[in-house]
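Report on the structure given below.
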Amino acid sequence: MISGRALESWYASHPLIRELVALRETSWFNPAVAPVAESMADVGLTAADVADASARLTRFAAYLRRVFPETEASGGIIESDVCPLPKLHALLGERYGRTLGGSLWLKRDSHLPISGSIKARGGIYEVLKHAEDLALARKLVRLDDDYAVLDSDKARAFFGQYKIAVGSTGNLGLSIGIMGAALGFQVTVHMSADARQWKKDMLRSRGVTVIEYVFDYSVAIAEGRKQAELDPACHFVDDENSINLFLGYAVAAERLQKQLAEAGIAVDAQHPLFVYLPCGIGGAPGGVAFGLKLAYGDAVHCIFAEPTHSPCMLLGVYTGLHDAVSVQDFGIDNMTAADGLAVGRASGFVGKAMQRLVDGYYTVSDEEMYSLLALMERSEGVRLEPSALAGVPGIARVHGEQGYLIRVGLDSHAMAQATHLVWATGGNMVPPDEMQTYLDKGRRLLAKDSTAV
């Protein structure tokens, strides 16, 4: 932890850190954001890489349809819908005391099939990529085969010779564990102390080994990596650095592009798209943002949202230190009800790759996430876990940053025609009694808040 005298020096050179240390809700719009033509090369990946990931998911569609009947309606494609939030939009204007132009929509990754969170995209994709690599090498399948053949005792016995390990605060572990166990892999999930008990219980019910740590996510992922390195048959899903996770998330953009077009929503310079992405270590929002930039270029503006107690990506990008700094270095405790976002040190890969592509970052308190959880349920009938509400204040934060809007060339006419999309990261699998606890707490907070309606 940084000493008092050194902390004062940091405050002098990086004034925003004082706000973060005080756990105040904070916004920072990135002055280094650059046009896609200049900044996309920072990532080191291309549209061809995303297309390859998309094709792989299509190859596995027949398998997924057979093993997970909930994907039948989508033809074995793991996808969520988008829906408008007109009632919540109006309430947010009153809550935050601003005129909030444009329209507000929700991307319901909270309701993705199989594991009910945004992690179903990247986590499941990485498991499928690993399974395909093994199966092709052993000639269990060919690229033009019907992958439903992998739903067999022979295939499960083959995959059962191999192990998969991951460190997780909860949702990534669910996606890796459920998919890996279905294929037959021996899966171990190293869970941090903040992970919800029901997530651990669900994994164990699927035959997944769960190892719990009294420490936070960084320790869980370090221990998982260490144990996997000792076993050549074990594939470690590296949430900090995995290209495969990143590409699995990026596939979301091409699908969203089709959904918005079907909804009659234009996205261009005069009809900007703002996307608010809850951020933990950064892989999921980073991958989605990369895909969106490929799809829409400079017409899309991606904003990352973090808990006040875990602002690791904001801290890393703002200081330029990325994964060389943690929130704990500044005495921030990394303890938040938003378990999927409870990360003290951001992915250096994502922070550096996306540092000129992400428009801004902001923090939101646990109390506000709970209040918004109740407000979302009351106004729109959608139930989400606390992490998934982090993106909701984004529309108000953007409208309050006139300097940023001028810098990126967005006038009042463009903002009146903007689409604001909140990316809901999880919630559909939360047990009813736990969800009721969330709602009760949110309703109590709303009742105390004189600005709520």
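Since this is a predicted model, take the numbers as computed values, not measurements.
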Discussion item. Do the side chains of R156 and D151 get close enough for a salt bridge, i.e. N-O under 4.0 angstrom?
Written reply: yes

Discussion item. With a 4.0 Å cut-off on N to O distance, would you call E223 and K226 a salt bridge?
Written reply: yes

Discussion item. Between R56 and D52, does any NZ, NE, NH1 or NH2 come within less than 4.0 Å of an OD or OE carboxylate oxygen?
Written reply: yes

Worksheet item: Which of these, R138, R142, R59, sits in a salt bridge (charged side-chain N to carboxylate O under 4.0 Å, His left out) with E132?
Response: R59

Worksheet item: Taking it one step at a time, do H190 and T188 satisfy side-chain contact (heavy atoms from CB on, under 4.5 Å)?
Response: CA-CA 7 Å; H190 299 263; T188 300; 3.6 Å; yes

Fill in: 4.5 Å side-chain heavy-atom contact, L88 and L106
no

Worksheet, complete the sentence: Given the options Y249, F349, Y296, F246, F290 meets ring-ring contact (aromatic ring centres under 6.0 Å, His included) only with F246

Discussion item. Test: salt bridge (charged side-chain N to carboxylate O under 4.0 Å, His left out). Region: residues 305-318. Which pairs qualify, not counting sequence neighbours?
Written reply: none

Worksheet item: If every non-hydrogen atom of I77 is compared with every non-hydrogen atom of A61, which pair is closest and at what distance?
Response: CD1-CB, 4.2 Å

Worksheet item: Side-chain contact, heavy-atom cut-off 4.5 Å: V350 with M313?
Response: yes

Throw together a table of side-chain donor-acceptor distances under 3.5 angstrom for residues 389-398, partners on residues two or more places apart or in other chains.
| from | atom 1 | to | atom 2 | distance (Å) |
| --- | --- | --- | --- | --- |
| R397 | NH1 | T26 | O | 3.3 |
| R397 | NH1 | S27 | OG | 3.0 |
| R397 | NH1 | T363 | O | 3.2 |
| R397 | NH2 | E25 | OE1 | 3.4 |
| R397 | NH2 | T363 | O | 2.8 |

Worksheet item: Shortest non-hydrogen contact from D298 to K293?
Response: CA-NZ, 4.4 Å

Practice prompt. Consider only side-chain N and O atoms of D49 and T46, and report whether a donor and an acceptor are under 3.5 Å apart.
Written response: yes

Item to complete: Return the set of residues passing side-chain contact (heavy atoms from CB on, under 4.5 Å) with P307 (not counting sequence neighbours), or none when no residue passes.
Response: S310, T336, A338, L341, D366, M369

Worksheet item: Are any of the side-chain nitrogens in K87 or E380 under 4.0 Å away from the carboxylate oxygens of its partner?
Response: no

Discussion item. Has S326 got a side-chain atom pairing as donor or acceptor with D329's backbone, closer than 3.5 angstrom?
Written reply: yes

Item to complete: Please report the shortest heavy-atom distance between F68 and A182, naming the atom on each side.
Response: CZ-CB, 3.8 Å

Discussion item. Please tell me whether F185 and H130 form a close aromatic pair, meaning their ring centres lie under 6.0 Å apart.
Written reply: yes

Worksheet entry | Heavy-atom side-chain contact between N241 and R225 under 4.5 Å | yes

Worksheet item: Can you tell me how far the CG atom of L373 sits from the CZ atom of R383, to the nearest 0.5 Å?
Response: 9.0 Å

Discussion item. Using side-chain heavy atoms (C-beta onward) and a distance below 4.5 Å, is M429 in contact with S117?
Written reply: no

Worksheet item: Would E79 and K258 pass as an ion pair if we require N to O under 4.0 Å?
Response: no

Practice prompt. Before giving the answer on side-chain contact (heavy atoms from CB on, under 4.5 Å), spell out for Q355 and H322 the whole-Å C-alpha distance, their side-chain angles and the decisive distance to 0.1 Å.
Written response: CA-CA 10 Å; Q355 61 187 333; H322 300 291; 3.2 Å; yes

Worksheet item: Do the side chains of L357 and M40 get nearer than 4.5 Å, heavy atoms only?
Response: yes

Practice prompt. Start with the C-alpha distance between V288 and L292, add both sets of side-chain angles, then the distance that settles side-chain contact (heavy atoms from CB on, under 4.5 Å), and finish with yes or no.
Written response: CA-CA 6 Å; V288 170; L292 289 169; 3.8 Å; yes

Worksheet, complete the sentence: Rounded to the nearest 0.5 angstrom, the CG-CG distance for L445 and D440 is 11.0 Å

Worksheet entry | K200 atom NZ, neighbour heavy-atom count above 12 within 6.0 Å | yes

Response to the item:
Rounding to 0.5 Å, atoms CZ (R121) and CD1 (I114) come to a distance of 12.0 Å

Item to complete: Please report the closest heavy-atom contact between G286 and F304, naming both atoms and the distance.
Response: N-CZ, 3.7 Å

Fill in: Ring centres under 6.0 angstrom apart (Y318, H14)
yes

Item to complete: Indicate yes or no: at least one non-hydrogen side-chain atom of Y361 is less than 4.5 angstrom from one of V317.
Response: yes

Worksheet item: Is any side-chain heavy atom of M191 closer than 4.5 Å to a side-chain heavy atom of L203?
Response: yes

Worksheet item: Would you call K129 and L247 a side-chain contact if the rule is heavy atoms closer than 4.5 Å?
Response: no

Practice prompt. Classify the ring geometry between F330 and W10 as parallel (under 30°), tilted (30 to 60°) or perpendicular (over 60°).
Written response: perpendicular

Fill in: Polar contact flag, side-chain donor to acceptor under 3.5 angstrom, Q197-D201
yes

Worksheet entry | Carboxylate-amine/guanidinium proximity below 4.0 Å for E240 and R345 | no

Worksheet item: Between D359 (side chain) and V33 (backbone), is there a donor-acceptor pair under 3.5 Å?
Response: no

Response to the item:
CD1 of I178 to CZ of R206, rounded to nearest 0.5 Å, is 4.5 Å

Item to complete: Determine whether the side chains of D268 and H271 contain a donor N or O and an acceptor N or O closer than 3.5 Å.
Response: yes

